[in-house]
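Report on the following structure.
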Amino acid sequence: MICVESSTTHHDFLRKLFPSDYLKVRPFDEITEMLLNDTCNVLAHERYYIQTVASLNDGIRDGKFVFGQSLLTKEPHATITRKDDFEFSDIVNWVIQTILYAKGQGLTKDLSLCQNYSDPTLYDVSDLNFTNAVYCVGNYGEIYDGDQNNLGINQMNNETFGMLYAIPFGKLDNDAIVSSSSASTLAKIRKEGSLNCGVAVPDNFEGNNVTGSGKLVGMGVEYCHTLAAAILNGDPKDVKFSIFLENDNSSFIALANGTIDVLVGGILVGGRVQRKFDFARSSSLVGIHFSTPYYYGARAASNDMTFYSIATREDDVIFVSFVNMLVLATIYAQENKIRRGQSLEMPLVPVFGSYLNWALRDAIAYIGSYDEINSKNFGSNVEAFRGRNTLNERLAVIQIRVCT
């Protein structure tokens, strides 16, 4: 008999595998006691919950229980902010990144360094001291409520194993959330019939044509074609490219003022995100959002890891979500062994409107899984040199973005 909390994705998952007679569905505060009094002999819940309860409950800690090692569902937790307050959302993200970075660097709570602002009105938001979150409260490990020696999937991934991990898409079959506003980026791209893609290239890049470049430049170009295929009913060709030098800030300005729709390439060089571009600088220069990285450099986080993302304007949250979903889709396809020929196995996405229902299928039909897009640009005989650009199969997905 399996005890599971009611109204959870765990219950949704289990009822597809077991007859209802095998499930005891109860509120959160009852299921642990039901395990202890033998009402059920299996407890299904999130790993962190089971580990925490086991460490605090003598009955479980001293009982004859076995902890399963297989993860049946993904249940990431995140903070939620209002979608119309981009500045506050940025602050929350920087705080989270800072406490993760502090964990990796060994920075800990130190009240002697915890300082209040003398006059908060004198500070620009990009000048906030986010290390106060660490000095006043603690790093990720100090905040984590559980066994520090058994963090499971919440351990730091600062070594050299895979960083590719597709978080769940969520409920893609919900009613459409896309605004009908003609000002939205998705609507603009479909109306114009093309995607404006900025490509950041190394300073020594020769020529003015990025098509067929291969390697990192080519990989960014392919993600632009894939994004076009997802938005324009499977047509990957209608992309207008603009080239920017890697260390030229004009690329961020072009993105912020709407000259380009997305920016790919050497964006997060040295693993550093400049706060002056992450936060809005004026009413005409909005803040920038960075997607899940599509490529990681070989260096560990402690040595300034390099990674590459698709950058978008943060004032269009629907387009931000769509672009991030696209990057995750290539990793999801890899995890589920879905290649170009199996694109119909990708989920439909009516949540973005009926005209984008096939977006993920069109995207994967064009480019395939992450391995296929990587091999297309780096060659098929480089498996041994993929470094961190492999699936995370060691259950350590906490990733660090270096703060400056």
Side-chain angles (χ1 to χ4, degrees), residues 9-10 12-13 46-48 70-80 93 96-97 100 152-157 161-174 219-220 222-223 226-227 229-230 262 264 268 289-296 305 307-312 319-352 356 358-377 383 386-401:
T9 51
H10 317 110
D12 291 340
F13 177 82
E46 297 181 38
R47 182 190 293 264
Y48 88 92
S70 298
L71 294 179
L72 301 179
T73 62
K74 293 180 178 179
E75 304 292 337
H77 288 224
T79 54
I80 299 176
N93 281 324
I96 293 173
Q97 292 296 332
L100 294 175
I153 203 168
N154 296 297
Q155 62 185 298
M156 303 301 297
N157 186 349
F161 49 91
M163 296 285 281
L164 303 181
Y165 181 84
I167 63 173
F169 291 125
K171 291 188 176 295
L172 297 177
D173 57 351
N174 283 351
M219 196 167 189
E222 287 296 344
Y223 268 102
T226 305
L227 182 59
V262 296
V264 299
L268 307 180
H289 182 274
F290 300 91
S291 74
T292 296
Y294 62 78
Y295 190 87
Y296 294 88
M305 181 180 67
F307 50 95
Y308 298 79
S309 294
I310 302 179
T312 52
F319 189 58
V320 163
S321 297
F322 187 88
V323 170
N324 195 63
M325 177 189 69
L326 179 85
V327 176
L328 290 172
T330 60
I331 303 173
Y332 173 91
Q334 181 68 25
E335 288 184 347
N336 291 276
K337 298 179 173 57
I338 300 173
R339 300 178 68 81
R340 291 181 64 187
Q342 293 88 42
S343 62
L344 292 180
E345 296 180 26
M346 294 296 292
L348 297 172
V349 286
V351 69
F352 287 100
L356 290 171
W358 275 56
L360 296 186
R361 295 182 176 184
D362 287 337
I364 301 305
Y366 166 69
I367 196 56
S369 67
Y370 185 87
D371 266 6
E372 290 176 284
I373 192 172
N374 190 286
S375 297
K376 183 175 182 178
N377 291 280
E383 187 66 29
R386 288 278 294 275
R388 302 166 72 84
N389 298 293
T390 57
L391 291 180
N392 185 299
E393 297 175 336
R394 291 180 58 179
L395 299 182
V397 299
I398 299 297
Q399 304 168 2
I400 301 172
R401 176 179 295 174

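In this structure the side chain of Leu348 reaches within 4.5 angstrom of the side chain of Arg361, judged on heavy atoms. Residues Val349 and Trp358 are not in side-chain contact: their nearest non-hydrogen atoms beyond the backbone lie 4.5 Å or more apart. Contact annotation: the side chain of Phe290 never approaches that of Asn93 to less than 4.5 Å [non-hydrogen atoms, C-beta and beyond].
Taking OG of Ser369 as the reference point, atom CD1 of Ile338 lies at 9.0 Å (rounded to 0.5 Å). Atoms CD1 and CG, on Ile331 and Asn392 in that order, are 10.5 Å from each other to the nearest 0.5 Å. With values rounded to the nearest 0.5 angstrom, Arg339 atom CZ is found 7.0 Å from Asp371 atom CG. Atoms CD1 and CD, from Ile373 and Glu222 in turn, are 6.0 Å apart once rounded to the nearest 0.5 Å. For the atom pair Met219 CE and Thr330 OG1, the distance stands at 7.0 Å (nearest 0.5 Å). If you take OG1 on Thr312 and CZ on Phe322, they are separated by 12.0 Å, rounding to the nearest 0.5 Å.
Scanning both residues, Ala329 and Leu360, for their nearest heavy atoms gives CB-CD2, 3.7 Å. The two residues Ile367 and Lys376 make their nearest non-hydrogen contact at CD1-CD, 4.2 Å. Pairing each heavy atom of Leu326 with each of Ala363, the nearest pair is CD1-CB, 3.6 Å. Closest heavy-atom contact between Met163 and Tyr296: CB-CE1, 3.5 Å.
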Query - Chi angles and distances behind the side chain to side chain contact (heavy atoms under 4.5 Å, CB included) call for Thr292, Tyr165 - result: CA-CA 10 Å; Thr292 296; Tyr165 181 84; over 6 Å; no

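Tyr295 has its ring centre no less than 6.0 Å from the ring centre of Phe307.
Note on Glu372 versus Arg340: no salt bridge recorded, every NZ/NE/NH1/NH2 to OD/OE distance being 4.0 Å or above.
Between the side chains of Ser291 and Asn324, not a single donor N or O lies within less than 3.5 Å of an accepting N or O. Under 3.5 Å, the side chains of Ser343 and Tyr366 contain no donor-acceptor pair of N or O atoms.
Between the side chain of Tyr370 and the main chain of Tyr294, a donor-acceptor pair closer than 3.5 Å is present.
In this pair, Tyr332 and Phe169 present their aromatic rings tilted. The plane angle is within the 30 to 60° band.
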